Amino acid sequence: MPIHGLNRLRTLLIDDESPSNSSLDSSILPELFSKLACLRALVIRQSFLLFRLDPNLIREIPKDVRKLMHLKYLNLSELHIKRLPETLCELYNLQKLDIRGCRNLRELPAGIGKLKNMRSLLNGLTCSLKYMLLKRISKLTNLRTLDKFAVGGGVDGGNTCRLECLKNLQLLQECGIEGLSNLSHVDEAKRLELKNIENLLRLYLLFEVVDWEDKEEDEDEGGEDEGEGGGYEEEEGGEVVNGEDEERRRKNEKDEQLLEALQPPLNVEELWILLYGGNIFPKWLTSLTNLRNLFLHGCLNCEHLPPLGKLPLEKLALQNLNSVKRVGNEVLGIEESSDDDLSSSSLSSSVIAFPKLKSLKIWDMEELEEWDYEVTRKENISIMPRLSSLEIDCCPKLKVLPDDLLQTSTLQELSIRGCPILKDWHKISHIPHIEF
């Protein structure tokens, strides 16, 4: 790659997306860094599908990266690197570091706290990055985006990332917190005082980090033979208690307390709750009066949805809520009234549930049998009046959907797959785009 005469270059994209043999000679990087000291933006892309023994595979970033002293944007996403050089922490002008999808990356450099101008640390999908040290993150006080804040997991419990260090990042607008179930004490979540980080607009709460390979091995080895005692204990009175069930119950209770303590600021616009083990959703959920997007995934023990119809949601996605068998009036957030309560003014009033909802996705709800309302109020009630896109996938027991959902004139896109006993097809002929 000839680089003569490019010493004043400001932006460089190195794109080596070949899935077989790399055309990029990785040994050229030190020379590039030395000659292109005026760079403001650098993107290095290399296919993650490359054979691991390919001699040109980029496995590390040269120490010469320190020479790019004017660099503001560095994109190393999906490279095979295991670590970042400490010299990267001398790029004091760096504002955005993208290391998303670097699956082999094990830790961040110790001096990353020196990057005072950092505004975006995009470190999602870094499955080997199990924890981040406390002092490294809490000093990045200008951060607006932190894709992944990994809780616990380190060998040095005194230095591993604790939730409370996020208190220093008062400018955060987007944050993902992973491994919440690793927290030893609920007090740590309370000390964070998340609701006081007032600039926060997008929050992603992930309670578990699932290693599917380990999970499959455990299932293969477990079988049905529990051996001597089988993990069961007998209480007074002869009642048999499974020790694993008791441990699971305690964990679920802790998850409930943690989530209740992690109340976000009222102005949050997007919220994801993933792999939450509690039985109920937090009380504060329906107080988020600015919430636009909500995604609930893998909340396996929750049997009922909260009254989400009160919120100004525009997008709602529900996935793997496998204890939910029926969705009815409770989700609308509309209180029922008796005849005695209805005055002449209330008779003419209009009640709207999900007033701004445009997109609804329901996936992998294995136990869901019915989604229908039995509204008994005599007021004028409107449900999802702006819904334009409905997607239902892999709900094998679902038998019925509410008429309001299918017959609304605003519905433009309908996708239904994996729902073999759902039989409401005569109600959907007016929808322009239908997929089965």
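All heavy atoms count here, side chains included; hydrogens, waters and symmetry mates do not. If you're wondering where the values come from, they're calculated on a predicted model, not measured in any experiment.
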Report task. Spell out, as yes or no, whether a donor-acceptor pair under 3.5 Å connects the side chain of Glu178 to the backbone of Val151. Result -> no
**Report entry** Pair Asn290, Arg292: side-chain N/O donor-acceptor within cut-off below 3.5 Å
**Finding:** yes
Requested in this report: State plainly whether the residues Glu366 and Lys397 are in salt-bridge range, i.e. N to O under 4.0 Å.
Outcome: no
Requested in this report: Give a yes or no on this: more than 12 heavy atoms of other residues, nucleotides or ligands lie within 6.0 Å of atom CD of Glu198.
Outcome: no
Report task. Might you confirm whether atom NE2 of His304 has over 12 heavy atoms from other residues, nucleotides or ligands at distances under 6.0 Å? Result -> no
Query raised in the report: Is a donor on one side and an acceptor on the other found under 3.5 Å between the side chain of Asn123 and the backbone of Lys148?
Result: yes
Query - Salt bridge Glu370-Lys325, side-chain N to carboxylate O under 4.0 Å - result: no
Requested in this report: Check the angle between the aromatic planes of Trp272 and Phe295 and answer parallel, tilted or perpendicular using the 30° and 60° thresholds.
Outcome: perpendicular
Query - Passing candidate, side chain to side chain donor-acceptor pair (under 3.5 Å) with Arg202, options Glu270, Glu269, Glu174 - result: Glu174
Query - Criterion side-chain contact (heavy atoms from CB on, under 4.5 Å) against Leu318, the qualifying member of Leu296, Val324, Val327 - result: Leu296
Query - Basic-acidic side-chain contact under 4.0 Å: Glu90, Arg66 - result: yes
Query raised in the report: If only atom types and distance count, is the side chain of Asn117 paired as donor or acceptor with the main-chain N or O of Tyr92 below 3.5 Å?
Result: yes
**Report entry** Over 12 non-hydrogen atoms of neighbours within 6.0 angstrom of NZ in Lys116
**Finding:** yes
Query raised in the report: So, Glu208 and Lys251, do they make that salt bridge, N to O below 4.0 Å?
Result: yes
Requested in this report: Go through the steps to decide whether Leu305 and Leu321 satisfy the test side chain to side chain contact (heavy atoms under 4.5 Å, CB included), and finish with yes or no.
Outcome: CA-CA 9 Å; Leu305 295 178; Leu321 307 184; 3.7 Å; yes
Query raised in the report: Does Arg40 use its side chain to pair, donor to acceptor, with the backbone of Cys38 at less than 3.5 Å?
Result: yes
